[in-house]
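Written below as C-alpha cells is the structure these notes are about.
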Amino acid sequence: MADKQEYRMAELAERAGITVRTLRFYRERGLLAPPRREGRIAWYDDHHLARLRTIAALLERGHTLSGIAELAEALDHGRDVADLLGVAPPTEEEPVRLTPEELAARFEGEVTPENLAAALDLGYLGTDGDEIVHISRRLLDVSSALVREGIPLAEVLSAGARVRQHADALADLFTDLIVRHGPEENLHRLRPLARSVVEAELSLALDRRVRERKEGEQGED
DNA sequence: ATTCTTACA
DNA sequence: TGTAAGGA
C-alpha cells in the first residue's frame, strides 16, 4: 500500500489535492515534517502524504489549523492519532502497538517478568503475534513518565490497579445516576460531563492536599 | 530550463 | 492563499 516512493512538491501537492503554496504554508506552521533535501529539490514521501490527508480530514471536520498544529506534535510522537478525533468515539483511549524492544526502551530496566505479568493481569498489556499492545496511549505515556521520574514500575502498576477500582466505582455511580433518570442513550452523550466532574474534583482535591502540606510545614517549624 | 523560496498583495 | 520575481 505504502511504497517507498518519493514526490517533489508539485506532485505531492497534487496527490494531496492542495496547491504548492498551501503545502509550504503547512510546513511553515509546523504541520508537516521537513522534506528530505537533495540540493535544490525537496523530496516528500508517503508519510507527508498521509499527514496531508489527515490535515484535510481534520479541516473537513471543522478543526482549525492551529488546533491541528497542536495535534501535529502528538501525531509525531504517537502513531495513529488521526482517527482518534472523529472516527473512534466509543472510547477516547487509543491502543498502542509496540515491539518488546520498544516497550523495554520505554521503561529502562524495569520490564521484569513480574511487572510484565502485573501489566498483563491489569489488562494494560496484551499480545498480538510478536507485538505488544497497550490499551491506552495516555496510560502508557503517563506510566513511562512516572518511571522516568524515578518511581518504580511495580508501584506505578499497583497504583494503577487502585485507580482502576476507584474509576470503576465512579463509572458505576454515573451510569446508575444517568440511567435511572433517562434513556440509556444518554450514557454516551453525557459521558463528557462525567469526565469533567471527576477531573474538576480531582483538581480540587489535589489543591487541598497541597494546601494542607504547606500548613503542616509552617506548623511544624 | 527547472525547482523552490522570498516577498508582496 | 495567489503570484511575481529571483537564487541556484
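In what follows, chains are A, B, ... by sequence order, proteins preceding strands, each numbered from 1.
For E6(A) and dT3(B), the CD to P distance is 16 Å, given to the nearest whole Å. Here dT1(C) presents its P atom at 14 Å from CE of M9(A), a figure rounded to the nearest Å. Taking atom CD on E28(A) and atom C1' on dG2(C), their separation rounds to 14 Å, with Å as the unit. As a whole-Å value, the separation of L23(A) CG from dG2(C) P is 12 Å. As a whole-Å value, the separation of F25(A) CZ from dC8(B) P is 17 Å.
No side-chain donor-acceptor contact under 3.5 Å links Y26(A) and R21(A).
With contacts defined as side-chain heavy-atom distances shorter than 4.5 Å, the pair E131(A)/L98(A) does not qualify. With contacts defined as side-chain heavy-atom distances shorter than 4.5 Å, the pair R106(A)/D141(A) qualifies. Within the 4.5 Å cutoff, no side-chain heavy atoms of Q5(A) are placed close to those of Y44(A).
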Contacts table for residues 158-173 of chain A: side-chain donor-acceptor under 3.5 angstrom, sequence neighbours left out:
{"residue": "S158(A)", "atom": "OG", "partner": "E155(A)", "partner atom": "O", "Å": "3.2"}
{"residue": "R164(A)", "atom": "NH1", "partner": "L122(A)", "partner atom": "O", "Å": "3.0"}
{"residue": "R164(A)", "atom": "NH2", "partner": "L122(A)", "partner atom": "O", "Å": "3.1"}

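Within the structure, ring-ring contact (aromatic ring centres under 6.0 Å, His included) contacts touching residues 133-154 of chain A (residues at least two apart or in different chains) are Y124(A)-H134(A).
In this model, the phosphate group of dT5(B) is approached by a side-chain N or O of R37(A) to a distance below 4.0 Å at OP1 or OP2. A sub-4.0 Å separation between OP1 or OP2 of dT1(C) and a side-chain N or O of T19(A) is absent.
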Taking N or O atoms only and anything under 3.5 Å, show me the protein contacts with nucleotides 3-7 of chain C, one pair per line.
{"residue": "dT3(C)", "atom": "O4", "partner": "R21(A)", "partner atom": "NE", "Å": "3.4"}
{"residue": "dG7(C)", "atom": "N2", "partner": "R40(A)", "partner atom": "NE", "Å": "3.0"}

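Listed by first residue number, the stems of DNA chain B with at least three Watson-Crick or G-U pairs below 3.5 Å are B:4-9 with C:1-6.
Applying the side chain to side chain contact (heavy atoms under 4.5 Å, CB included) rule to D121(A) yields no partners; only residues at least two apart in sequence or on another chain are considered. Evaluation of the side chain to side chain contact (heavy atoms under 4.5 Å, CB included) rule for A16(A) yields I18(A), L49(A), L52(A) as partners, not counting sequence neighbours.
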